[in-house]
Amino acid sequence: MVLTVNIGLEIHCQITALQSKLFCSCYSDYRDKNPNNNVCPICSGLPGSLPLLNQRAVELAGMVSLALGCKVPDNIMFYRKNYFYPDLPKNFQVTQYNSYGITSIGAEGKLEYDESKKAMIRRVQLEEDPGRLVYENSDIDTNFYTLIDYNRAGVALIEIVTEPDFTDPKDVRIFLNKISSIVQHLGVCDTKLEGSVRCDANVSIGSKKKVEIKNVNSFREVEKALAYEITRQKTMSIHDIEIKAETRHWDDLRKITKQARTKEAEQDYRYFPEPDIPTIALGNEFLSLLKTIMPELPDERKNRFITDYQLSEHIAQVLIDNKEVSDFFELAVNIYPSPKEIANSIVTDLLAFIDDSNQKGSIFSGLKIEAKHIADLAKLVDENTINRSTAKMILRQIIKTGELPSQLARKTNASKIDDAGVISEAIESIFLREKSAVIDAKNNANAANFLLGKVMQLTKGRADPKIAFNLITRKLTESN
Amino acid sequence: MANLFSLTSEQITLGIKNGDFSAEEYICQILDRIEKIDVKINAFITVDKKGALEKARLIDRKIRNREQNIGPLAGVAVGIKDNICTNGLKTTCASKMLNDFVSPYDATSVKRLQESDAIVVGKLNLDEFAMGSTTEFSKNGPTHNPWNIDYVAGGSSGGSAASVAALECAISLGSDTGGSIRCPASFCSVVGLKPTYGSVSRYGLISYANSLEQIGPIGKTVSDVVMVMNVISGKDGEDHTTLERVPKYTLNPSKKNIRVGLVKELVEGADPAISKCIYYAMDVFSRLDFKCEETSMNSIRYSLASYYTIAMAEASSNLARYDNIRYGFDLNPDGYEWNMYFSKVRSNFGQEVKRRIIIGSYVLSAGYYGKYYLKAQKLRSLLKQELKSLFKKFDILIAPTMPLLPFKIGDKIDDPLKMYLIDIDTVIANLSGIPAISIPAGFNNNLPIGLQIMANELQEQTILDAALLFERATNIQRSPEL
């Protein structure tokens, strides 16, 4: 029996582009601050305080909605989601809700990914982040008390909810990469900051009960968590064990999902409209404003890369997946206009050195590389001063030293040997060593390639292969 | 020297500015009066002697130095309902839950009063979290009616009305969610205004039911109320629900031939002595050349049910934050598991508050939202529509403020439904957001009767014009001998 898999996602992105929180003027950047120092009467829920909506947050969430093909309604509203939890200063979360009419910033969107696949977006909503519970011991059950840090409370979140249309965890990963690239291109979220993107997923197989997976703190882990959960449910199904509708947490260390202690699925959130924030009329003015401030989206950029720079679909996609990489690419192209060579060197060589698990700062941090280095390298290749394999070796060096490729090439004599005399000497010695191959080569063109390989080996790859090949063919005909 | 404590705001400011007496002399009399009288009335929860004296001396210094920036309420003693935040002074909501809460900020209305040189003398008693109509549900005990101290002062701003009637302060701030300013104003024979929703900032008002309530002034005269409104009203960047353009108010009734509609259902439903008094009020208006007529309001039947559903729903959410983690009262959490601690903490709410939280949670819960909360909102819209068409015909609507005379303390405390019913006349203004005033209209058996005047949104000036003319024409006693 084939069981259909249905996966739906709830993606939370902090709007790290904001200076202040969603409803007060406290800093949005709560990281590395002393606990409970980044709070005010509003975000700590003091009696008598009232929320003041951050207008810029509405704009940024509006841009995300448009980028995900969502409708932006004329009027948006906020709702209270009531539940008791120690990290919630008011014991309700101000969020958006569509059960009584569509009033969230975005709804009913559609996003293409992985060339022709489509994901349906149920809604995009703005909401506030809760505070953080901090435990002294990593095993939660061994703690005698819980510490609460409200510094994060009230930070603006954009929640993207998809329809449960995904069937393959791999697709989910590709989709999440695209979301990540979109929020980066829009300048909404710095996805590398710890906890800035979080994803909850729900999984059901064979249209049975829905299991929520929470606590997945990076997009990379989602695919693993889903794969694990699908296997778990399928195994249970095969053995006729009932699958319960429940919330499970992803255990990052053991790479398994485990049952959550609280029965969150049964919560009744008693949603009702937030009386302190009147309905906000957006209308056409807002939409035209968004269109004027909307930066280039990943898809548009990719198409531009393909048409303007003649890059292949694949290369363009790899560059676009990470905004920093595509920015880096364009910087290099501005310095030296050889897009194909530059793209090639970034995608096939440079990306191999990048550790994208690095959570802080630029993905290039730790590497001493700038756009000018790649531009310089591409120039050396284009001018036939070095060949590609040498370029790769040079890259390996300069990312550690920060030296310019042209300087390094000169210093180590790594440049291509294009002096026919020098190459002829090398050929001479190879012909002496590989006599049988020389005889073969007179009748078999492939053997000539073997000889060329040997010459390249001897010159440590520095011989210009075109010149060398010509010299070899000439020498073979001469000796006939 | 004459009794300075009995002066109106206008007389106080003038007297101080003219040098007839100093702010310090005045405030000392007020503080003495509170000390002497409040044992009988129990209007104050906190008295800020030190702060009041300091502020008085500051004002006197400004006057001696002939400084220009003397505020429009210079020297006026003001009391603040204890659900409105005052920086550095306890704000308890008359609840054990906030027994030790000191706000780190001032409510906008308090800040504006301070800036206009009013003197905050203390914090006033109320029903716990403003939930009640008698000020009996207070951890500090009931406030007594100055006209007969065995009787309730009304509520929930009982302290605010009683303190003004008992001459313990010149003016006060109350809050009105379903009649909480007008009810005690009526019971204590003072003037109390619930402004248009959004004309006074709620920033710093501890929420009971956000979509219904407003802060408003209580004073001895219409002039008192106008002076306070001109200071506290207006757009506030701290409160999204404040309106863009809020007019200033004057004391020069200009409009002639005000069209008056007497709301028949409310008059008929009241105690006969009160009905008689309201008809008498209509006669007064007729003699003032107002165009008076009886009228009818159908949606009144549903207004109480709608009001209590919405108010309790909002309350259940607003009061969720009291978990005694960041502020509250003295209770050591050591040894408690979270849920146990939470239950222990929450058991400190009083009976009436618990009742409203439970009902409010119920009407919002899955499966009941549509049946109760949404239905209540629909009725609210119906009421608004009916009022809209009524205000095409009338400039003001008049009715009793309360359907009954002040009653004895303890009389209704065990019957919540009876207690809820007495808000029938006042909730209309809260549900629809319109302004409404209660002004003294007479007495029966030495117990005060209040006349309620309502007008369309932002038409406070029409209300104030009518109230001022009525006040001048009737001259009804404000403060009893104590």
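Just so it is clear: chains get the letters A, B, ... in the order the sequence lines come, proteins before strands, and each one is counted from 1.
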Bottom line for F144(A): the part with an atom under 4.5 Å from chain B's heavy atoms is neither
- For Y150(A), is the NZ or CZ atom of R326(B) found under 6.0 angstrom from the centre of its six-membered ring and inside 45 degrees of the ring axis? yes
Comparing D239(B), L364(B), D334(B) against chain A, the one with the most heavy-atom pairs below 4.5 Å turns out to be L364(B)
- May I ask you to check whether S95(B) and E128(B) show a side-chain donor-acceptor distance below 3.5 Å? yes
Applying a strict 4.5 Å limit to non-hydrogen atoms, the region of N83(B) in contact with chain A is neither
Review point. Under 6.0 Å between ring centres, would you say that holds for Y105(B) and Y203(B)?
Key: yes
Result for side-chain contact (heavy atoms from CB on, under 4.5 Å) between L282(A) and one of N75(A), V72(A), L289(A), D74(A) points to V72(A)
From the list L52(A), T146(A), L53(A), the residue making the most non-hydrogen contacts under 4.5 Å with chain B is L52(A)
Under a 4.0 Å N-O cut-off, is there an ion pair linking D82(B) with K90(B)?
no
Cut-off 4.5 Å, heavy atoms of chain A, and the answer for A366(B) is both
Subject >> Aromatic centroids of Y322(B) and F129(B) separated by under 6.0 Å >> reply: yes
**Prompt:** Is the distance between the ring centroids of Y271(A) and Y369(B) under 6.0 Å?
**Reply:** no
Honestly, the part of I325(B) sitting under 4.5 Å from a heavy atom of chain A is side chain
Applying a strict 4.5 Å limit to non-hydrogen atoms, the region of Y368(B) in contact with chain A is neither
If one checks every heavy atom of P89(A) against chain B at 4.5 Å, the contacting part turns out to be both
So, the part of S361(B) with a heavy atom under 4.5 Å from chain A: the answer is both
Applying a strict 4.5 Å limit to non-hydrogen atoms, the region of D323(B) in contact with chain A is side chain
Checklist entry - Does a donor on one side chain and an acceptor on the other come within less than 3.5 Å for S204(A) and N6(A)? => result no
So, the part of N82(A) with a heavy atom under 4.5 Å from chain B: the answer is side chain
Ranking L50(A), I277(A), N36(A) by heavy-atom pairs under 4.5 Å to chain B gives rank one to L50(A)
Worksheet item: Between the side chains of Y79(A) and R270(A), is a donor N or O closer than 3.5 angstrom to an acceptor N or O?
Response: no
Turns out that what part of F84(A) lies under 4.5 Å from chain B's heavy atoms comes down to side chain
Checked P333(B), S317(B), C85(B) vs chain A; the most non-hydrogen pairs under 4.5 Å come from S317(B)
The interface call for I148(A) against chain B, heavy-atom contacts under 4.5 Å, is side chain
**Under 3.5 Å side-chain donor-acceptor pair for T95(A) and E127(A)** = yes
